[in-house]
Undergrad: 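Attaching a single structure in structure tokens format; questions to follow.
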Amino acid sequence: MNSELKIPNHVAIILDGNGRWALERGLKRSKGHDAGFKNLKSLSNYILSCGVKVLSVFAFSTENFKRSKDEVDYLMNLFVNGFKNEKNYFVDRNIKVIFFFFFSNLRDDVISAMDSLEEITKDGTKGILNICLNYGGQSEIVDAVNKIILDGVKEVDCELFSKYLYQDLPMIDLMIRTSGELRISNFMLWQLAYSELYFTNTYFPDFDSHEFDKAIDAYNKRDRRFGGVK
Ligand code: IPE
Ligand code: IPE
Ligand code: MG
């Protein structure tokens, strides 16, 4: 990547289109999820190697439980096995993995696979890979409000409120959604407040380092004003 380019601090990706990627190849949707997971591994390393400090990815939404039991089970098994098998991949590349998730509904083995991956990668300094799994932006905000009530806090401002979110991450600079859908689907609603949005028709399993470079080129052409005047 051209070293003159501005690199966003926090990138978020709604990794969408795994199912259609597979169906267009005459494969089962599950094969698309396999390909998506494989891509996530190498792409996250590439993105954090470019100097991005935090990469948040939407791997499974609270709403994705509406899918068939077979598909949900397949995805949960993929997460459990993937997180176990790829531990060394992230440790060796110095990546710190964290998870944003809504606790209820998740299987114990999924929670323990997430816990172990977080624990073993906790000293990674290259960058943070934040995997949002059983995540919903509205639930994150409501969870924060409930913690505030429990703490007996009577008044909050934006800075204090952020501290009650799953983790106090920096605001998202660039949000990418693959597969041609033009919506947020309840992704990080608070953190997306002033993000640049980039939509591509490419399905996630094909969204590789070259596709990411194109998103960075587009980001570099944006004029971020944050309400000011240029
Ligand atoms: C994204 O791909 C992965 C998850 C939501 C788990 P999809 O499974 O949504 O793929 P499409 O959108 O049906 O093609
Ligand atoms: C959003 O994708 C959630 C994830 C990528 C995990 P979906 O495929 O579930 O979103 P909708 O249903 O098309 O909005
Ligand atoms: Mg989808």
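In this chain, residues are counted from 1 in sequence order. All ligand and atom numbering here is 1-based and tracks the order in the structure.
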Undergrad: Indicate, with yes or no, if the rings of Phe60 and Phe65 have centres closer together than 6.0 Å.
TA: yes
Undergrad: I would like to know whether Phe58 and Phe100 meet ring-ring contact (aromatic ring centres under 6.0 Å, His included); could you show each step before the answer?
TA: CA-CA 9 Å; Phe58 205 4; Phe100 269 25; over 10 Å; no
Undergrad: Using a strict threshold of under 4.0 Å (side-chain N to carboxylate O), is an ion pair present between Glu86 and Arg93?
TA: no
Undergrad: If I only include protein atoms of type N, O or S, how many are less than 2.8 Å from the Mg ion (ligand 3)?
TA: 1
Undergrad: Output all residues satisfying ring pair (Phe, Tyr, Trp, His ring centres under 6.0 Å) with Phe226, sequence neighbours left out; order by chain, then residue number.
TA: Tyr194
Undergrad: Can you tell me if Gly32 contacts ligand 1 (heavy atom of the residue under 4.0 Å from the ligand)?
TA: no
Undergrad: Check for me whether the distance between the ring centres of Phe37 and Phe204 falls short of 6.0 Å.
TA: no
Undergrad: Could you find the nearest protein heavy atom to atom 8 (O) of ligand 1 and give me its residue, atom name and distance?
TA: Arg67 NH1, 2.7 Å
Undergrad: Before accepting this row, confirm whether a basic side-chain N of the pair Asp123/Lys96 lies closer than 4.0 Å to the acidic partner's carboxylate O.
TA: no
Undergrad: Just which atoms of ligand 1 are under 4.0 Å from any heavy atom in Asn64?
TA: 5 (C)
Undergrad: Can you figure out which of Lys66, Arg177, Glu63, Arg183 has its heavy atom closest to atom 2 (O) of ligand 2?
TA: Arg177
Undergrad: So, does Glu181 sit close enough to ligand 1 that a heavy atom of it is under 4.0 Å from the ligand?
TA: no
